[in-house]
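Some notes on the structure that comes next.
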Amino acid sequence: FVIKVKEKRPIYILFLMFFCIISFSITAAAVRDAVFLINFDKNFLPLMYVLIAFAMAITISIYKKYTRSIDQLFLSTSLSIIFSLTVIFFHFFLHGYMIPIFYICIEIITILSIMQFWILAGEVFNTREAKIAFPIIISGGSFAAIIAGSSIEPFVNLFGSKNLIFLAMSFLLIGAFIGYYVKPYRTEIKKIVNTSREKTNLKSLKLDPYIISIALLVACSAFLSKTIDYQFKIMATTIYPIQDQLVNFFGNYYLWTGLATLIMQFFITGAILKNLGILLGLLILPLSLLIGSTGFLFSASF
């Protein structure tokens, strides 16, 4: 990685910030999934995917409408504090129908936190700088999976799986604190609003084959990921029927997938794209899913 001296500090700051966000995501998701699968009717899991989709559509619409004129760093810090308080609230009322509400809220908090982070990162680096900076920053997520995943089991053994919420909250607050140091590196972005032009561009985009292809790709990926996610979680619950055991399993799972992701990001993806091209690179995902699904069909076990 050829990094200019002036770019190193903001890269390190955003790396740590992204590390904290993904660490929150992993620890909170482990609690969320275990609590829902053990203490609520898991037959409602497919319904949760539908409710999350509707909730996210409404939340992002409101978010876009009321946050356009707010400073992104202030917004990022404020959201982290609000989200932390929300997580703590659920710790004391996590029973009955508060469990599915908690499930949806964690997903919303995770997606909004990641989205807000990348908006902020876009104010720090231009397109040229981002080509070097973003892969390094993204690797913070893989390190988060390894470190946060490996810390879940010892934490649960000491304090119990329910108290893992406090660990998740601490990651959010630390990330917000680190984000404060990115302030000097942001560039001023001038927003030009032209309503008539925006409408014209949206009309032309609707029938663009490129946009349609991307939309279909995203839709297929979402459909597949949720199907696999459902299958995976139901099997995990069958094998680990106790909440602490299930949380520990998710922690170890995130640890190993984080390690695999890190190896892919640094050593394999670049070689594939350089030697085989983007098209063949994209085909590896459906081929891998086909091989994995076929193996699962003949040997449905962990």
Side-chain angles (χ1 to χ4, degrees), residues 1-32 72-73 75-77 79-81 83-84 87 106-155 164 167-187 225 250-273:
F1 298 103
V2 183
I3 308 171
K4 292 183 178 180
V5 175
K6 68 174 184 178
E7 296 171 4
K8 285 184 178 180
R9 188 172 173 83
I11 286 175
Y12 297 152
I13 293 169
L14 290 170
F15 174 92
L16 291 172
M17 197 175 172
F18 193 61
F19 173 90
C20 289
I21 292 171
I22 300 303
S23 295
F24 161 79
S25 170
I26 286 167
T27 48
V31 179
R32 175 200 67 183
Q72 295 301 319
L73 183 57
L75 180 62
S76 180
T77 305
L79 286 176
S80 295
I81 294 170
F83 292 158
S84 299
V87 170
I106 291 297
E107 191 73 15
I108 291 172
I109 290 170
T110 300
I111 292 173
L112 284 182
S113 297
I114 293 172
M115 185 171 72
Q116 184 60 40
F117 170 82
W118 287 115
I119 292 172
L120 186 63
E123 293 185 357
V124 177
F125 298 106
N126 59 37
T127 307
R128 183 197 62 78
E129 294 167 341
K131 288 180 181 179
I132 297 295
F134 283 7
I136 300 171
I137 293 167
I138 289 170
S139 70
S142 300
F143 282 107
I146 295 168
I147 295 171
S150 61
S151 66
I152 286 176
E153 186 169 355
F155 186 94
L164 195 61
L167 182 62
M169 179 205 70
S170 65
F171 282 125
L172 265 184
L173 293 176
I174 293 169
F177 175 76
I178 293 170
Y180 174 79
Y181 290 95
V182 84
K183 188 175 182 178
Y185 304 100
R186 297 164 64 209
T187 55
S225 66
F250 284 138
N252 289 319
Y253 167 76
Y254 291 130
L255 161 64
W256 289 106
T257 51
L259 183 60
T261 305
L262 196 65
I263 294 169
M264 284 292 298
Q265 286 174 334
F266 282 116
F267 302 108
I268 299 175
T269 303
I272 289 171
L273 295 179

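Quick caveat: nothing in here was measured; it's all calculated off a predicted structure. The chain is numbered in sequence order, starting from 1. Computation of the quantities below employed the complete heavy-atom set of this structure, encompassing side-chain atoms and omitting hydrogens, waters and symmetry-equivalent molecules.
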So which atom in [X] and which in [Y] form the shortest heavy-atom distance, rounded to 0.1 Å?
X	Y	answer
M17	S76	CE-OG, 3.6 Å
S151	L167	OG-CD2, 4.3 Å
S84	M169	CB-CG, 3.5 Å
L173	S80	CD2-O, 4.4 Å

Out of curiosity, [X] [atom1] to [Y] [atom2], how far, rounded to the nearest 0.5 Å?
X	Y	atom1	atom2	result
L14	R9	CG	CZ	11.5 Å
I109	F83	CD1	CZ	5.5 Å
E107	L112	CD	CG	10.5 Å

Exercise answer: donor-acceptor pairs, residues 257-264 side-chain atoms, under 3.5 Å, sequence neighbours excluded:
from : atom 1 : to   : atom 2 : distance (Å)
T257 : OG1    : Y253 : O      : 2.9
T257 : OG1    : Y254 : O      : 3.1
T261 : OG1    : T257 : O      : 2.7

In sequence, state the C-alpha distance, the side-chain angles, and the governing distance for L73 and E123, and then conclude on side-chain contact (heavy atoms from CB on, under 4.5 Å).
CA-CA 10 Å; L73 183 57; E123 293 185 357; over 6 Å; no
Tell me, please, which residues at least two apart from Y181 pass ring-ring contact (aromatic ring centres under 6.0 Å, His included).
F177
Stepwise side-chain contact (heavy atoms from CB on, under 4.5 Å) test for I11 and F125
CA-CA 9 Å; I11 286 175; F125 298 106; 3.5 Å; yes
Test of understanding: with side chain to side chain contact (heavy atoms under 4.5 Å, CB included), list the residues that count as partners of L75, not counting sequence neighbours.
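For L75 the side chain to side chain contact (heavy atoms under 4.5 Å, CB included) partners, ignoring immediate neighbours, are Y63, T67, I70, Q72, L79, Q116.
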Side chains of residues 18-27: which donor-acceptor pairs under 3.5 Å do they make with residues two or more places apart or in other chains?
from : atom 1 : to  : atom 2 : distance (Å)
S23  : OG     : F19 : O      : 2.7
T27  : OG1    : S23 : O      : 2.8
T27  : OG1    : F24 : O      : 3.1

Which side-chain N or O atoms in residues 134-142 pair as donor and acceptor under 3.5 Å with protein atoms at least two apart or in another chain?
from : atom 1 : to   : atom 2 : distance (Å)
S139 : OG     : I136 : O      : 2.4
S142 : OG     : Q265 : OE1    : 2.9

Please determine whether side-chain contact (heavy atoms from CB on, under 4.5 Å) holds for the pair F250 and I152, giving the CA-CA distance in whole Å, both sets of side-chain angles, and the decisive distance to 0.1 Å.
CA-CA 9 Å; F250 284 138; I152 286 176; 5.9 Å; no
Counting only heavy atoms not in W256, do more than 12 fall under 6.0 Å of its CH2?
no
The salt bridge (charged side-chain N to carboxylate O under 4.0 Å, His left out) partners of E153 (sequence neighbours excluded) come to none
Please evaluate residues L16 and I174 with respect to the criterion side-chain contact (heavy atoms from CB on, under 4.5 Å), reporting the C-alpha separation (whole Å), side-chain torsions for both, the decisive distance (0.1 Å), and the verdict.
CA-CA 9 Å; L16 291 172; I174 293 169; over 6 Å; no
